[in-house]
Amino acid sequence: MSTRPPRDGFFRDVNRHFVQAARHSTVDDDVLNQVRACNAVYRMRFPVRQDDGRIQVVEAYRAEHSHHRLPTKGGIRYDANVTQDEVMALAALMTYKCALVDVPFGGAKGGVRVDPRSASPGFLERVTRRYTHELLRKRFIGPDVDVPAPDVGTGEREMGWIADTFRNLDGDSLNGLACVTGKPVSMHGIPGRTEATGQGVAMALEQCLGAAEDAAAVGLTPGVAGKRVVVHGLGKVGANAARALAERGAVIVGVSVSDGGLYAPDGLDVDAALAHRRESGSILGLAGAHDLPSPAAALEQDCDILVPAALEHEISEENVGRIRAPVIAEGANGPIDAKADAILRDAGKLVVPDIYANAGGVIVSYFEWVKNLSHISFERMTRRYQQLSNQSLVGILERLSGESGPAEALARLTRPPDEIDFVRTALENTLAIAYEQIREARLARALPDLRTAAYVLAIERVAEAYAEAGIFP
Ligand code: GLU
């Protein structure tokens with residue numbers, strides 16, 4: 001069973017960030033009250049048969065934080081200790097995240113009190129199908145009302161069960177497949193969704209350290225290449241962030257998982273560390289790395305960039321004074337509590353806030369949802385056309401110059417683009433545009449940090465959407 005204690009106070013912390021930013025916004029108080037309120041929470045208990053024949057009563061939630069845009073959107077967390085407060089906080093973060101990166105959704109989040117590590121696949125399938133059924137009964141799921149996705153403890157497999165259950169119950173409606181994102185590609189998912197959140201963390205860091213003066217403000221040279229990185233938590237987000245950062249030339253000097261942590265000043269290979277864990281049963285004892293005394297010790301190691309990618313509130317008043325990294329990118333949702341956040345700000349650290357740093361997942365979920373609604377893949381209409389145009393351009397250049405280009409560049413130019421190429425470039429572009437806006441707001445409005453700037457933009461956009469809908473004349 002998960003040993004994580006319940007962490008109440010998460011929604012209060014998100015609201016602290018909200019209040020701190022709202023002071024700098026142009027939005028009226030009564031509208032602010034609506035923007036921050038969690039609109040609806042469905043709390044349910046349902047019986048599910050265990051493998052030994054006994055019945056377990058499972059508690060679950062779905063919070064829809066904001067209906068300023070529909071559908072609402074956000075993952076489903078499977079964790080034995082997930083609480084209503086946590087789900088409400090996570091749903092609020094989804095509202096601000098979607099508004100910030102301009103994907104047209106309200107925010108939501110689900111939670112189911114099961115331990116995915118000890119439960120059997122059969123039990124998890126029965127829980128997932130019954131949860132979907134319960135959501136549908138109250139219209140808390142559907143392509144135009146509320147669209148779940150993976151979160152901690154869930155992945156493609158669960159999303160496949162949800163899509164299948166929904167379509168069976170909903171009479172195979174035309175757009176039924178768009179009821180959930182993060183599905184397997186074989187079930188109309190989109191390539192690149194699984195890695196999207198982690199890759200987005202690396203892309204977000206490239207943006208935040210791109211300008212020489214921004215990097216210099218925290219004593220670093222621009223860019224991610226050559227930076228020493230510690231990743232706390234090697235789940236889907238952390239492992240893919242580490243891979244994407246290593247591809248960009250960063251050196252992963254530390255990692256941690258639930259059973260321990262490693263530090264290697266000369267760098268380590270994340271896949272080798274994970275393979276070693278699978279073979280030996282523990283991440284500890286990897287050749288070339290030192291064992292750390294605890295997973296949390298990874299947070300305190302010497303590095304340029306720290307990526308907390310486990311759960312919320314891992315960095316609190318208790319350990320914040322020992323954080324050495326000048327840059328912290330929130331791969332997880334809410335890994336720094338509000339008090340620790342203020343201390344890091346006063347210490348001059350650069351915190352890349354969750355609603356920007358980990359938005360890659362929901363951005364690619366948006367692409368999947370659009371693809372499902374349009375019933376066509378992104379490359380189908382353009383792939384061959386792009387290949388032909390590139391081939392003719394290469395032909396013209398070769399005729400004019402009388403020479404043929406380097407083989408590798410030619411192969412890249414004349415290869416038809418795949419759906420994953422569109423997904424990656426559109427993800428990167430979306431994050432680049434959002435960062436430009438955050439940076440500009442921070443400078444133009446003299447905001448104290450990136451989180452405040454990100455929240456101000458998000459709050460104003462949600463308020464604007466309410467006004468457009470005629471709710472606040
Ligand atoms: N659970 C992810 C998040 O926290 C993704 C949500 C989605 O794709 O809808 O952002």
Side-chain angles (χ1 to χ4, degrees), residues 10 14 61-66 69-79 82 86-112 116 135 140-156 158-159 162-163 178-184 189-190 192-201 203-204 233 235-238 240-241 308-312 329-335 352-373 423 426-427 430-431 434 454 458:
F10 189 10
V14 173
Y61 316 91
R62 182 76 181 169
E64 291 178 354
H65 173 263
S66 177
R69 290 252 187 280
L70 287 176
T72 53
K73 187 89 190 75
I76 300 173
R77 178 169 289 197
Y78 281 10
D79 184 300
V82 70
E86 179 180 341
V87 170
M88 287 163 66
L90 292 163
L93 288 175
M94 289 308 301
T95 295
Y96 308 133
K97 191 182 301 185
C98 292
L100 179 68
V101 297
D102 195 23
V103 297
F105 300 134
K109 197 71 132 202
V112 180
L135 293 176
F140 268 69
I141 185 171
D144 46 3
V145 286
D146 189 351
V147 178
D151 197 78
V152 175
T154 59
E156 284 185 0
E158 287 73 19
M159 303 307 119
I162 291 173
C179 74
V180 64
T181 59
K183 301 179 290 293
I190 197 163
R193 173 63 186 84
T194 308
E195 311 88 271
T197 313
Q199 291 204 330
V201 172
M203 292 172 182
K236 281 191 298 284
V237 178
N240 284 307
L311 287 165
E312 57 272 12
E330 295 186 316
N333 286 312
V352 186
D354 47 9
I355 61 171
Y356 176 63
N358 71 32
V362 75
I363 293 169
V364 176
S365 276
Y366 171 46
F367 303 151
E368 181 176 335
W369 178 76
V370 169
K371 169 179 152 166
N372 293 155
L373 292 178
V423 167
L427 169 60
T430 306
L431 287 169

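Being a predicted model, the structure only gives us computed values, none of them experimental. Both ligands and their constituent atoms are indexed starting at 1 by order of listing.
- Nearest heavy-atom pair across F367 and T430 is CZ-OG1, 4.2 Å.
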Any protein N or O within less than 3.5 Å of an N or O in ligand 1? List each pair with its distance, or say none.
residue	atom	partner	partner atom	Å
ligand 1	1 (N)	K109	NZ	3.4
ligand 1	1 (N)	P150	O	2.9
ligand 1	1 (N)	D151	OD1	2.9
ligand 1	4 (O)	K97	NZ	3.2
ligand 1	4 (O)	K109	NZ	2.9
ligand 1	4 (O)	N333	ND2	3.0
ligand 1	8 (O)	R193	NH2	3.0
ligand 1	8 (O)	S365	OG	2.6
ligand 1	9 (O)	K73	NZ	2.8
ligand 1	10 (O)	K97	NZ	2.7

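- Donor-acceptor pairing under 3.5 Å is recorded for the side chains of S365 and R193.
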* Evaluate salt bridge (Lys or Arg N to Asp or Glu O under 4.0 Å) for E86 paired with K109, printing each intermediate quantity in order. => CA-CA 9 Å; E86 179 180 341; K109 197 71 132 202; over 6 Å; no

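- Counting only distance, with no hydrogens or angles, the side chain of E158 and the backbone of G155 share a donor-acceptor pair below 3.5 Å.
- Side-chain atoms of D146 and T72 form a donor-acceptor pair, as typed in the model, at a separation below 3.5 Å.
- Across every non-hydrogen atom of R62 and L135, the tightest pair is CB-CD2, 3.6 Å.
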